[in-house]
Structures are given as structure tokens and as C-alpha cells.
Protein chains: 2
Amino acid sequence: MAKEKKTTGQKAGVSKKRLTVHDVAQHAGVSTGTVSRVINEVPGVGADVARRVRAAIDDLGWLPNIAAQNIRASTSRMIGFIFSDIRNPLYATMTKGAEGVFGPRGYLLVSSSSDGRMEREVDLIDLFRRRRADGLILTIADEDNQEVRSAIARSGISFVMLERALDGEATSISADHYGGTRQAVEHLKEMGHRRIAMITGGRGTLVMRERLRALEDAMAAGKLDPDPDLLRLDSFDAEYGYQQVQMLMGKKDPPTAILCLGVRLLPGVVSGLQNMGKTFPGDVSLICSNDTETASILTPPITAIRYDAQLLGKMAAAVLLEQIDQKNSKPEVKKFEIPTELVLRESVRRI
Amino acid sequence: MAKEKKTTGQKAGVSKKRLTVHDVAQHAGVSTGTVSRVINEVPGVGADVARRVRAAIDDLGWLPNIAAQNIRASTSRMIGFIFSDIRNPLYATMTKGAEGVFGPRGYLLVSSSSDGRMEREVDLIDLFRRRRADGLILTIADEDNQEVRSAIARSGISFVMLERALDGEATSISADHYGGTRQAVEHLKEMGHRRIAMITGGRGTLVMRERLRALEDAMAAGKLDPDPDLLRLDSFDAEYGYQQVQMLMGKKDPPTAILCLGVRLLPGVVSGLQNMGKTFPGDVSLICSNDTETASILTPPITAIRYDAQLLGKMAAAVLLEQIDQKNSKPEVKKFEIPTELVLRESVRRI
DNA sequence: TTGTATGCGTTATCAT
DNA sequence: ATGATAACGCATACAA
């Protein structure tokens, strides 16, 4: 059967046909191997031949098909970054930081939101496995979830945990939440506070564990007995902050200070306070984390635990890349921590 | 010549070797073609054979290599989304919306920040071309930049413009900024304002053109003569808002109302005002866009032009997908607009 | 119904 | 220094 090319009847010149090395080779009058050598700067190509090839490339406007390169190199030069929600400025900022180190090194960063749902995390990890991602940055919802952990394990992909930890099993990068929280509580104690509430989320994560440990240690150090009812640890949502702050302030023995730990929590807490006609620091002192523009322009501006989320992203990327480079040798488990800082503003008063 | 397989001498059982269809086929005792048919659900495969294959797949934990699939199908199932900065909640929200429609359809969304630099936009477009992206969502800095436009053209990739337009040359999706701005200005006029300033950025974009046109039309309709010195149109940065609002309020004839159009602008404008001891709406009325949680919890809360950024992302994705599906037929140019809404709060006073 | 062989766009090995 | 050719992992036209 005569094979007829189904031509689209286009004029000569620019055609819609995808171009390949072959087209370039033909145009330059060389072999495909030579074209490949030129673009990969393999030494030992004649100067004028190289010139001809480059001219042909410019002429046709060809760019090598990365998918084809990858299938040969059995790499994808792609990194997956999984977190709960890109709308959280913390993750957006980390993404930005990571992008800055991956891009120049030829890696494509793919960020994706799991909405904190572990089944979705598993799907995403599997997706990245099918796409043969070279590495993963993981900020998962629950470090102990077995489905997620086995998805990670079976993926066989190099990974680092960001703001999360897998015990001694994986390299992790995080802010010093223990130090940050501890410093905040010490500050509150110095200002005379005894009843300190904490609103936050992230059960099953390093971040919550460290924050809680810091609070407990600080209370113990001051010989204050902690009131478990002042701990509201179930969500990072604004709505949760809105509800819980009102429940806390509605108690017969309300807290005199609240740690509001989570970016999206703050608007909720503030409007909850507004809604019940409570003011800060008049009725209650407030410290939030992370520091945001919102925290700084509220009236009054809010004392905040600050850390550099962009640096976190950069470090995660750099560490992961290093790990990928040494994929053959043992996956040395390390732990990185960046410092936090207490930004004093006007939302804490001495009592 | 005897071909010797270079075996790595590993123990049986789990090896680090990447697995392929061949491994699965061998394990199931069938051919590679059959395995392929099973996973692609090609009809006409014996029920028990299919079962055997599936068992083998589960057994080995194999997932088809998407890169290899793509190189055959000459598709990547990847979409690029280019905008200025993922830290802008507007883009984060659009990304979230788009992700929601691409994911279920098997497309991978890759968002990337250009920092508003056109050379970077060109690089990103070329990058997506090398990666053989199937589609592009573009929110570029300047619609008229020739380098960017020719990068788009030579890419040959299907694309839509989001919050941007290319005259009649490309499909665009955007909010009704004319309507939104017009409504805001009419509201200010009703409240007795005559001197209305506008702080915003985005020269060379649909968004600024529409906002400016709305302001001019509204002023003309009210027989008010516009003061060009009340127009501060050079940046979306918080810092710019901080400076310009102080310059405006420092004039001998300051505006009585300011349109602050740009999410990051608002914190700058508010702290600029705070810095010079001016209050709103006492000293000046304020309307911002887009609506954010920040706008709603400031004291007093700020009247805002609101539109659904997530919907914008969803629509861009849906429209682009449709366009990709019909890539053969003509790239019909359409224009989509979603409504805006004026959220009345307490930052505008009658004068 | 299933197997075999070829091609997708590269790169690398082996000739020349 | 350059060309021919075999992989890479998969899907499909064709053969059986």
C-alpha cells in the first residue's frame, strides 16, 4: 500500500511539522551525531562545521526536545514540591526561593498543592514517580502517615523534608521553631503573663512538636502550670482562629496572651477579636508567626516570630541537588535549621 | 560479535535498576505490546492475561515512564503558566484554580515567576518550548514587547492570555476591570469626591488600560476635569505605594480619595499614610483592589473591588484545554470576562 | 487475541 | 573529525 503523507497543503517555508535533529543535520549537510555534538559542546568538532550547524539551528529555530534527551539520560531534570496550598504565602515564598536555585541549574520546579489531604499527597508522589522526577521536596501534612511514607519509599526518588522531619530517616530543613516559640514565651513571661494560649495546627509535624515543647519548657522553667484548655492545636485555617479565639476569650478565666502560629490564622484571630469587641493588647496580648506585611500594618502592629521562608526554599533546593548529585553513595541524613527572630511591636503589653 | 550484558552483579530481589515494560512483560510471561495494551485499556485483551499483567505490574511496582509515552505521542501533557511573582496572592490563587482543572485531565501545571522581567519571560517561553509544553497561560508584563511576542510566536504553542490581551490576536480571559473601576469611581462621586487619585502599575497591560479608561470616562461623565498629577501608574510594589501616597497627601491640593489598585500596593499605601499621621477615611478615602483578608481586617476595613481570581485560573485552564483539543482547526479568538463587585466597607466617607 | 518490529528524538559507541 | 547505528521506554501497525 502506497504510503501517502497527509500533507496539510501548506505553503513552503514555515511548516507546522515538528523539527528534529534530522532536519537540522540535513539543513547543515552533516549527520545528526554532529549536531548533537555541537549543541552539547563535545570537543573535537571542526570550527566551520560547528558554525554551519549553529547557522542551521538558528535558521530553523530548532530547540532540542528535552523529553527525548531525558529518555536517554534517564533523568527528567524535574523536581516536585508538595505542600498544602500555594495560596499560603509561606509556600509561595519557599517556591520562589527554590525556583531561584533550580532554574539556573536546569531543573524545572513543579509545585503542587495537596490541600493537606494525604490521599492527594500519595497521588502526587505517584505522579512524580510516573514523571520520573529527580527529586522531591516534601512538606506533608502528617509525618506518621503510613500510606504517604510508603509512597515515598516506593518512589525511590531522592527527597528532603521541608519544615517536616522523618526522624533520623531523612534530611530535613526547617526553621528553629523551638527557639522562636521559646523566645516568644519568655518575652511574654517577662511582661508578666502567666496564662498563655496557643492557637495553631499541624498535628503530626515537626513544627507543632517543637512549638509545643518550647511552650512546655518555658512554662516549666517559670514554674507556671500549663492549662491544657489554652491549647487549640487543630487547624491553620482562618475560620479556626476566628472560632477558637472567641472561645478562649469567652472563658471565665481567659488567657492574657495568645500565640497565633500560622499565617492564615492571624486574620481569623483578629477578626474574631474584633467581632466580640475585644482589643489587643488591651484585652489580650498577641504574638503571631510568621511575620507578614499584614502583621506589621495592623493597628496596633503585631509582635511576630519571623524567619526567612525564601531562604528555607533555597536551602531545601540546594541540599536536595547535592543529594541528587551523590545519589550513588549513601543518602547521608542531615538536619538543617535556620534562625528565627522576635520582632517586637505593639501587640504585647506588660501586666 | 557476542553481546554481553553488563550486569551489575546485584542480588536477586529488589534492584535499583529502573524497570520498564520489558520487566513487566517478562514477569507476566507476555509481550511488551500486551502490557502496553493492558495499561492503555485497549480492548481485545484476554481477561486472564490482563489479570496476569496487572498482577505483574503490582508485583514489581512499575509505572509507565511518561517521558517515553510523551515522546511517542509527541505531547508532554504539561502546561506552562508565566506571571510575575508567585508570592502575589493573585497568581497563587489563579494557579490553584488552574491546577484544579489541569490535574484531573492529566496535565501538569508548571507555574513560573518572571519577576516582571521580559528577558526572563522570553527565557521561560523558550524553556517551555524545549520542554514541548502543550499550552501556555500568559500574564506577561508588557503586551507590546516585541521580543516576548516573537518568542510566543516561534514557540508555536497554544496559549491564552490571562489578565492580558493581544488585541484581536489571542484569546484572553480577564476580570471586568473597566466595570469594577467605573463602579468604584461612581461610588466616590456619589460620596462627593472630586479629586480622585489612582495608584497602580502595569503599563502596557489590558488591566491598566481598562482602569484608566474607566476613570477617565467616569470623570468626563461627571464633568470633572481630571488632574494628571493624581495618576501614579508606575508600579505594583508596596514601596511604590508607600512613596506615592505620601507624595500625593503632601501636595497643597491633595486628593480626597485614592484608588489603590494592586494587592501588594495596599500595605504600602496604608503604612505610608500611617507614617505621615494621616488616617482614612478621615484624611482621605480609600478603595483597593483586589479584595483580600488584609483589606477586611484593617481598621477601618477597606472598601474593595473584588473578583474571583480562582475562577479566572479555572477559566484560563478550561479555555486553553479546549483550544489544545482543537489545535488543528483555526485558533478561534475569543474574549472572556468575569464580573467584579464593589464591597462596601468603611474606608470611604461622604464629603 | 497476542507477538514482532518499527518509530518517536536524542545521545553515545563504534567505525571510518 | 565525522558518519552510521544502536540504544532509551513505550505504543502501534502489522503479522500470525
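A note on names: the letters A, B, ... follow the listed sequences, proteins ahead of strands, and every chain is numbered from 1.
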Subject >> Position toward the 5' end of DNA chain C (nearest nucleotide), B/S31 or B/I71 >> reply: B/S31

Original post:
Does B/G33 or A/P64 map to a spot on DNA chain C nearer the 5' end, using the closest nucleotide for each?
Top reply: B/G33

Looking only at side-chain N and O atoms, does [X] come under 4.0 Å of OP1 or OP2 in [N]?
{"X": "B/N40", "N": "D/dA11", "value": "yes"}
{"X": "A/R37", "N": "D/dA1", "value": "no"}
{"X": "B/Q69", "N": "D/dC10", "value": "no"}
{"X": "A/T20", "N": "C/dG9", "value": "no"}
{"X": "B/T34", "N": "C/dG3", "value": "yes"}

Looking for any heavy atom pair under 4.0 Å, which part of the strands does [X] touch: base, sugar-phosphate only, or nothing?
{"X": "A/V45", "value": "sugar-phosphate"}
{"X": "B/G46", "value": "sugar-phosphate"}
{"X": "B/V30", "value": "sugar-phosphate"}

Original post:
Going by the angle between their ring planes, with limits at 30° and 60°, are B/F83 and B/Y91 parallel, tilted or perpendicular?
Top reply: parallel

Quick one: [X] [atom1] to [N] [atom2], roughly how many Å, whole number?
{"X": "B/I39", "N": "D/dC10", "atom1": "CD1", "atom2": "P", "result": "7 Å"}
{"X": "B/N65", "N": "C/dG9", "atom1": "CG", "atom2": "P", "result": "16 Å"}
{"X": "A/N70", "N": "C/dT10", "atom1": "CG", "atom2": "P", "result": "11 Å"}
{"X": "B/R77", "N": "C/dC8", "atom1": "CZ", "atom2": "C1'", "result": "17 Å"}
{"X": "B/H22", "N": "C/dT6", "atom1": "NE2", "atom2": "P", "result": "14 Å"}
{"X": "B/E41", "N": "D/dT12", "atom1": "CD", "atom2": "C1'", "result": "17 Å"}
{"X": "B/D23", "N": "D/dC10", "atom1": "CG", "atom2": "P", "result": "9 Å"}
{"X": "A/I66", "N": "D/dC8", "atom1": "CD1", "atom2": "C1'", "result": "17 Å"}

**OP:** Would you kindly check whether a donor in the side chain of A/R132 faces an acceptor in the base of D/dG9, or vice versa, at under 3.5 angstrom?
**Re:** no

Original post:
Less than 3.5 Å between a donor and an acceptor, one on the side chain of B/R72 and one on the base of C/dG7, is that the case here?
Top reply: yes

Original post:
Name the one of B/I137, B/L166, B/I79, B/I82 that satisfies side-chain contact (heavy atoms from CB on, under 4.5 Å) with B/F159?
Top reply: B/L166

Subject >> Which nucleotide in C/dA5, D/dC8, C/dG9 has an atom nearest any side-chain atom of B/R18 >> reply: D/dC8

With no hydrogens and no angle check, just 3.5 Å: does a side-chain donor-acceptor pair link [X] and [Y]?
{"X": "B/T75", "Y": "B/D134", "answer": "yes"}
{"X": "A/R18", "Y": "B/S74", "answer": "yes"}
{"X": "B/Q310", "Y": "A/R87", "answer": "yes"}

**OP:** Carefully, step by step, assess B/D85 and A/K96 under the rule side-chain contact (heavy atoms from CB on, under 4.5 Å).
**Re:** CA-CA 8 Å; B/D85 195 330; A/K96 193 77 197 306; 3.5 Å; yes

